[in-house]
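Accompanying notes for the structure given below.
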Amino acid sequence: MRISDRGVPDPWALPLAEIDPSQAEIFLNNAQGEYFRRLRREDPVHYCADSAFGPYWSITRFDDIVEIETNTKVFSSEPVIVIGDVPAEYLMPMFIAKDPPVHDVQRKAAAPAVGAPRLAELEDLIRRRAGAILDGLPVGPTFNWVERVSKELTAQMLATLFDIPFEDRHLLPYWSDVSTNSEACGVQTDMTARQKILMECLAYFTRLWHQRAAAPPSLDFISLLAHNPETRNLVQDPNALMGNVMLLIVGGNDTTRNSISGGVVFLNQNPQEYDKLRADPALITNMVSEIIRYQTPLSHMRRTVTEDFTFKGKRMRKGDKVVLWYCSGNRDDGVIENPEEFRVDRTRARHHIAFGFGIHRCMGNRMAEMQLRVLWEEIMKRFSRIELVAPPRRVLSNFVNGYEEVQVRLHPLDRGQ
């Protein structure tokens with residue numbers, strides 16, 4: 001079997017039936033593009049009979065993903081939205097892994113924390129925090145952009161959305177990483193140790209819940225849930241409380257954090273696009289959507305078939321796993337023109353599925369876009385270039401499409417020009 005130069009099997013050398021894009025090592029090596037290109041071309045509704053996660057269907061084209069996302073009757077989000085099954089003792093119910101009406105009630109309760117009025121209030125705070133983070137960076141020496149900027153800005157804003165003490169902010173991305181480092185996402189994990197850490201997280205938020213329930217209502221996530229008549233009893237179900245807290249943490253962490261890192265990587269890989277941005281910083285808003293499409297911070301979502309069903313000529317059986325590969329749909333040249341190109345001035349840049357589609361579309365998508373926009377506006381005021389000085393080191397996961405390390409060097413603006 002041919003092995004690609006990135007250390008994973010060459011998908012074009014495999015029998016079609018043996019292609020299994022669920023292997024986390026494919027994403028670690030950023031080799032998923034060719035796997036999905038072949039599936040989109042030859043078998044866009046593909047059945048993998050044998051994988052580490054059991055048999056599953058891969059949906060790889062944009063329009064097919066959208067069609068399944070809108071058919072919640074046949075394609076259920078329960079019990080989990082990752083490709084791997086979760087043992088019952090570790091299962092944490094959360095509204096993204098629920099169907100209506102439970103999904104709708106719980107999502108609606110939390111949504112005002114990231115609604116339009118709240119975002120208008122938070123923009124100035126985001127700008128001040130982004131500016132302070134950027135002003136504290138070293139100019140000249142190399143450093144890890146992920147740790148100093150991507151994680152830090154995300155942690156600060158998550159602390160605001162949960163209204164936790166500022167000094168506790170780093171617990172949030174830490175708990176997010178613990179949650180997504182799971183065997184269900186292709187990562188060998190000590191699940192007992194993982195569960196112990198998550199129980200510490202549960203204890204933290206249970207204390208917070210009781211404090212917020214006894215205080216006047218406010219617009220942070222926990223207060224909203226604790227005061228809503230439909231969700232105020234969540235605290236009596238520790239697994240459900242834990243699940244929804246982790247959903248809100250992960251949802252607020254991964255999209256923004258990994259897109260902040262990805263933007264630096266993509267501009268360095270496409271210097272002509274960086275030139276366009278420097279020539280016209282008004283492109284930032286459009287570029288933000290292109291970064292999110294090109295990065296696709298969450299590679300997939302899973303659905304489970306509720307009844308025997310034929311989709312695009314393929315017979316699916318009740319209980320089958322169906323994996324919606326967002327990272328593939330966002331590179332579908334039947335819908336997106338030249339999707340392999342990163343273009344800061346792309347027409348209809350928001351036409352992507354990195355946020356999902358339908359009732360499960362990311363609740364905080366406008367918050368993520370605003371954080372990225374404000375950050376890049378502040379970057380362009382300070383630096384002529386963020387130079388990538390080494391290949392980025394990626395996360396091992398088939399779910400989170402992200403970075404551990406992005407080593408950079410900053411070049412200041414020439415104030416004399």
If you measure only the distance, is there a donor-acceptor pair under 3.5 Å linking the side chains of E69 and Y326? yes
Mind checking whether C185 and V400 have side chains closer than 4.5 Å, heavy atoms only? no
The side-chain contact (heavy atoms from CB on, under 4.5 Å) partners of D220 (sequence neighbours excluded) come to D163, R212, S218, I222, S223
R373 bridged to E369 by N-O distance under 4.0 Å: no
All pairs passing ring-ring contact (aromatic ring centres under 6.0 Å, His included) where residues 209-253 contributes a residue, at least two apart: F162-F221
Ignoring hydrogens and geometry beyond distance, is a side-chain donor-acceptor pair present between R315 and T310 at under 3.5 Å? yes
May I ask you to say whether D320 pairs ionically with R303, meaning some side-chain N is under 4.0 Å from a carboxylate O? no
With under 30° as parallel and over 60° as perpendicular, where do the rings of H351 and F62 fit, or are they tilted in between? tilted
D104 side-chain N/O to P100 backbone N/O, donor-acceptor pair under 3.5 Å: no
Could you go through S76 and T306, starting from their C-alpha distance and side-chain angles, then the distance that decides it, and tell me whether this counts as side chain to side chain donor-acceptor pair (under 3.5 Å)? CA-CA 7 Å; S76 173; T306 62; over 6 Å; no
Is the shortest side-chain N to carboxylate O distance from K196 to E200 below 4.0 Å? yes
Would you check if R350 and N365 make a side-chain contact, meaning some heavy-atom pair closer than 4.5 Å? yes
Does a salt bridge link R317 with D308, judged by any charged N lying under 4.0 Å from a carboxylate O? yes
Kindly give the heavy-atom pair with the smallest separation between M380 and L413, and that separation in Å. O-CD1, 3.6 Å
Main-chain N/O of I164 paired with D168 side-chain donor or acceptor, under 3.5 Å: no
So with a 6.0 Å cut-off around NZ of K318, is the heavy-atom count from everything else above 12? no
Electrostatic pair K276-D280, nearest N-O below 4.0 angstrom: no
Check whether N29 reaches the backbone of A31 with its side chain - one donor and one acceptor, N or O, closer than 3.5 Å. no
Before accepting this row, confirm whether a basic side-chain N of the pair E378/R127 lies closer than 4.0 Å to the acidic partner's carboxylate O. yes
Going by heavy atoms in the side chains, are L234 and Q106 under 4.5 Å from each other? yes
Main-chain N/O of L225 paired with T231 side-chain donor or acceptor, under 3.5 Å: yes
Do NZ/NE/NH1/NH2 and the carboxylate oxygens of R346 and E290 come within less than 4.0 Å? yes
Side chain to side chain donor-acceptor pair (under 3.5 Å) between Q295 and Y403, worked out: CA-CA 11 Å; Q295 179 64 33; Y403 304 89; 2.8 Å; yes
Applying salt bridge (charged side-chain N to carboxylate O under 4.0 Å, His left out) to D43 and K314, what does each step give before you reach the verdict? CA-CA 10 Å; D43 196 16; K314 300 294 183 76; 2.7 Å; yes
Partners passing side-chain hydrogen bond (donor to acceptor under 3.5 Å, both in side chains) against K312 (at least two apart in sequence or in another chain): E67
Is D99 salt-bridged to K73, cutoff N-O under 4.0 Å? no
Output all residues satisfying side-chain contact (heavy atoms from CB on, under 4.5 Å) with M199, sequence neighbours left out; order by chain, then residue number. Q195, L202
Are D20 and Y35 close enough, and set up right, to give a side chain to side chain donor-acceptor pair (under 3.5 Å), and what steps lead you there? CA-CA 8 Å; D20 173 18; Y35 278 76; over 6 Å; no
If we count only N and O atoms by modelled type, under 3.5 Å, do the side chains of H103 and S77 hold a donor and an acceptor together? no
With a 4.5 Å limit on heavy-atom distance, are the side chains of Q156 and I133 in contact? yes
Using modelled atom types only, decide if a donor and an acceptor are shared between the side chain of T296 and the backbone of S299 within a distance under 3.5 Å. no
Those residues at least two apart in sequence (or on a different chain) that pass side-chain hydrogen bond (donor to acceptor under 3.5 Å, both in side chains) with N398 are none
Residues R129 and M157: closest non-hydrogen pair is NH1-SD, 3.7 Å
Pair R331 + E340: basic N to acidic O under 4.0 Å: yes
Distance-only side-chain donor-acceptor flag, N253 / T154, under 3.5 Å: no
Before accepting this row, confirm whether a basic side-chain N of the pair R409/E387 lies closer than 4.0 Å to the acidic partner's carboxylate O. yes
Distance-only, no hydrogens or angles: does the N233 side chain make a donor-acceptor pair with backbone N or O of Q236 under 3.5 Å? no
Do R40 and D64 meet the salt-bridge criterion of a basic N to acidic O distance under 4.0 Å? no
Per ring pair (Phe, Tyr, Trp, His ring centres under 6.0 Å), H300 is matched among F399, Y56, F53 by F399
If you define the side chain from C-beta out and look only at heavy atoms, does anything of I68 sit under 4.5 Å from V322? yes
Answer yes or no: does atom CG of D50 have more than 12 heavy-atom neighbours from other residues, nucleotides or ligands under 6.0 Å? no
Taking every heavy atom of I292 against every heavy atom of S259, the minimum-distance pair comes out as CG1-OG, 3.8 Å
Check whether any side-chain heavy atom of I379 lies under 4.5 Å from a side-chain heavy atom of I386, and answer yes or no. yes
Suppose we screen for ring-ring contact (aromatic ring centres under 6.0 Å, His included). Which residues come up paired with F342, at least two apart in sequence or across chains? F266, Y294
Is there a side-chain contact between M92 and V245, using heavy atoms and a 4.5 Å cut-off? no
Expected output: side-chain D190 to main-chain A193 donor-acceptor under 3.5 Å: yes
Could you label the plane-to-plane angle of the Y47 and W57 rings as parallel, tilted or perpendicular, counting under 30° as parallel and over 60° as perpendicular? tilted
Smallest heavy-atom separation, N330 atom then I336 atom, equals O-CD1, 3.5 Å
Step by step, work out the salt bridge (charged side-chain N to carboxylate O under 4.0 Å, His left out) result for D177 and R194. CA-CA 10 Å; D177 290 346; R194 173 182 179 271; over 6 Å; no
Can you tell if the side chain of P21 reaches within under 4.5 Å of the side chain of L39, non-hydrogen atoms only? yes
Aromatic plane relationship, F27 with W325 - under 30° parallel, 30 to 60° tilted, over 60° perpendicular: parallel
Have R394 and N401 got a donor and an acceptor in their side chains that come within less than 3.5 Å? yes
Could you tell me whether R148 sits above the aromatic face of F143, with NZ or CZ closer than 6.0 angstrom to the six-membered ring centre and within 45 degrees of the axis? yes
Would you say R38's side chain and P11's backbone share a donor-acceptor pair under 3.5 angstrom? yes
Polar side-chain atom of S328 near backbone of T60 as donor-acceptor pair, under 3.5 Å: yes
Minimum heavy-atom distance between V139 and P412, given as atom pair plus value: CG1-CD, 3.5 Å
Cation over ring, R278 on Y274, under 6.0 Å and within 45°? yes
Check step by step if salt bridge (charged side-chain N to carboxylate O under 4.0 Å, His left out) holds for R169 and E152. CA-CA 9 Å; R169 66 191 183 280; E152 181 59 30; 2.8 Å; yes
